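Okay, so here's the structure we're looking at.
Just so we're on the same page: letters track the sequence lines, and every chain starts at 1. Nothing here was measured: the structure is a model prediction, and the numbers come from that model.
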Protein chains: 2
Amino acid sequence: MENIGHIIAVMSGKGGVGKTTVSVNLAAALSKMSYQVGIFDADVTGPNVVRAIGAEGGQFMVVGDRILPYKTKDGIAVASMALLVGEGIPIVWRGPLKTRAIQQLMDQVDWRYLDYLVVDLPPGTSDEPLTIMQSFQLDGVVIVTTPQRLALMDVERAINMVKKMGIRVLGIVENMSYFICPGGQEVPMFGGNWTEEVSKKTKVPILGRIPFDPLVAELTDEGKPVVLERPETKIALEFLTVATNIVKIVEKTEEKQKDDQSDEEANKESQK
Amino acid sequence: MENIGHIIAVMSGKGGVGKTTVSVNLAAALSKMSYQVGIFDADVTGPNVVRAIGAEGGQFMVVGDRILPYKTKDGIAVASMALLVGEGIPIVWRGPLKTRAIQQLMDQVDWRYLDYLVVDLPPGTSDEPLTIMQSFQLDGVVIVTTPQRLALMDVERAINMVKKMGIRVLGIVENMSYFICPGGQEVPMFGGNWTEEVSKKTKVPILGRIPFDPLVAELTDEGKPVVLERPETKIALEFLTVATNIVKIVEKTEEKQKDDQSDEEANKESQK
């Protein structure tokens, strides 16, 4: 993994909040910002990432014990069990076995050079996502949620679990914030500022608010990330905002670390 | 359970499709049809049922080794671990332990007389919902989904699993079918007739199509099922349609069984 600049994992407190859509469009947004981007599908409940990013039917190239990721027409490197075993991922796979298979795939994929690798984790806060999380040298985790009171608890639990593991929570992406009606009117889908509350309570920033746009469901089924297909849409712009905020946080930390190092060196010098 | 007329379990192929909202409003709709109704919360990931049906802060009455369910102001009997241990359901609970606790609660609850008991199962098709399902004498299972191509696989898997267990699938409830904009315009949220396809492929009927109404999220947070609070709304009417369809299927089967019995008896008679 030494050729990967930054690894960002996308997690959710529970299923059905649009985690994979966010992962795919985050990767697309980073790619649009002209970074070298890869996406690793650690949520093998279905070939969702593969389908949503337009890698369906794509083939891995296996060179010895190395696996070369599939490159989409947009130049995003994709690795997923779904590309190895196809849509029919055996359901019989139990947690540990599945987790090991995912880790093995990750070890064997040769990403060559990447600025950013986005990891789409399994939904929820069970052992599975947490174990997988630990097998990456993550720069941080992005938590996807919907602005529902009932989601509060899940998000808070997720944030606390990640922190307990000594991994950094980069921020919260609020998905399905509002619905864009044909007239362009924006209608809040759930009402209430629950995400705001979790953010305050946990001191984790909100990276962006993604509207619900029926267009995305269609594009996702066609394997076209909205960010690349319809960059002028409001939802695409919101995804770019999220990506920009993540880059800011990650690279600021990087600089800080560099500064700290040079400080240390300076100290050593002065001690001589 | 001999005083319970019919037991209907509500299941989903994956999380986040609105399973609990459907369970709660199905119970409310049956109650509105003047049946004696109870709801059992087997999805203890959070106190969602308790909150959504207006039982938050409600107390169980424990009489010896029997537990009397909490009655909401609408007269719906509610049983949930959340009423025993409150919101802070210990996360440390692992699958088997949790499942056993749920089964024990079910055994101890004294429902007295019920026409219908609605069971809100844990999301997905893991061991947990399947094990719990087996501990009830179910009349059938209702499967909740959203009309997404990506949900297809999950629903089909769920249907096949339930059938394999020899339990009847009563039908599919399509949730989030369309969004009702302020002008009253109905905008499809995902596009495509994916539910139609699963229904054809699996020969399982669609019981109803539920729109997405932001009103419901608010009412849910206030513990007011939309069916009882705003029965005139389109979404409330759709829930009543679902309930009516379920009653038709269940009671038709009942009659058929009665007929078969009387036929048998007639045959015995004639054999004498």
Side-chain angles (χ1 to χ4, degrees), chain A residues 12-21 45-49 51-52 87-89 91 94-95 123-127 145-154 157 160-161 175-176 178-192 194 212-222, chain B residues 12-21 45-49 51-52 87-89 91 94-95 123-127 145-154 157 160-161 175-176 178-192 194 212-222:
Chain A
S12 66
K14 63 185 194 73
V17 297
K19 173 182 59 57
T20 297
T21 307
T45 45
N48 303 16
V49 166
R51 185 174 290 169
E87 288 213 4
I89 295 163
I91 306 153
R94 297 290 162 182
T125 52
S126 64
D127 293 349
T145 186
T146 50
Q148 291 165 278
R149 181 182 168 199
L150 290 175
L152 263 177
M153 237 180 318
D154 300 318
R157 181 190 308 151
N160 294 333
M161 281 178 158
N175 196 25
M176 305 186 203
Y178 48 92
F179 189 90
I180 302 175
C181 288
Q185 189 177 4
E186 297 175 0
V187 186
M189 289 181 75
F190 299 100
W194 306 113
F212 186 104
D213 187 339
L215 171 72
V216 174
E218 286 171 49
L219 291 177
T220 302
D221 285 341
E222 296 166 17
Chain B
S12 67
K14 63 185 196 71
V17 297
K19 174 182 56 60
T20 297
T21 307
T45 45
N48 303 16
V49 166
R51 186 175 288 169
E87 288 212 6
I89 295 162
I91 307 153
R94 296 289 162 182
T125 51
S126 65
D127 293 350
T145 185
T146 50
Q148 291 165 277
R149 181 181 167 201
L150 290 174
L152 263 177
M153 238 181 317
D154 300 318
R157 181 190 308 152
N160 294 333
M161 283 178 156
N175 196 27
M176 305 186 201
Y178 49 93
F179 190 90
I180 302 175
C181 288
Q185 189 176 3
E186 298 175 1
V187 185
M189 289 181 74
F190 298 101
W194 304 113
F212 186 104
D213 187 340
L215 171 72
V216 174
E218 287 172 48
L219 291 176
T220 302
D221 285 342
E222 297 166 15

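Neither the backbone nor the side chain of B:Gln148 comes within contact range of chain A; no heavy atom of the residue lies under 4.5 Å from a heavy atom of that chain.
Of the listed residues (A:Gly124, A:Pro182, A:Pro188, A:Gly183), the greatest number of heavy-atom pairs within a distance under 4.5 Å of chain B belongs to A:Pro182. Interface check for chain A: of the options B:Ser126, B:Ala52, B:Gly15, B:Ser12, the most heavy-atom pairs under 4.5 Å are formed by B:Gly15.
Counting only heavy atoms from C-beta outward, the side chains of B:Val49 and B:Thr20 approach each other to under 4.5 Å.
Atom CD in A:Glu186 sits 4.5 Å away from atom OH in A:Tyr178 (nearest 0.5 Å).
Not a single salt bridge (charged side-chain N to carboxylate O under 4.0 Å, His left out) links B:Lys14 to another residue, sequence neighbours left out.
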For a quick test of your reading: what N or O donor-acceptor pairs under 3.5 Å do the side chains of residues 212-220 of chain A make, sequence neighbours left out?
unit_1   : atom_1 : unit_2   : atom_2 : d
A:Asp213 : OD1    : A:Leu215 : N      : 2.9
A:Thr220 : OG1    : A:Val216 : O      : 2.6

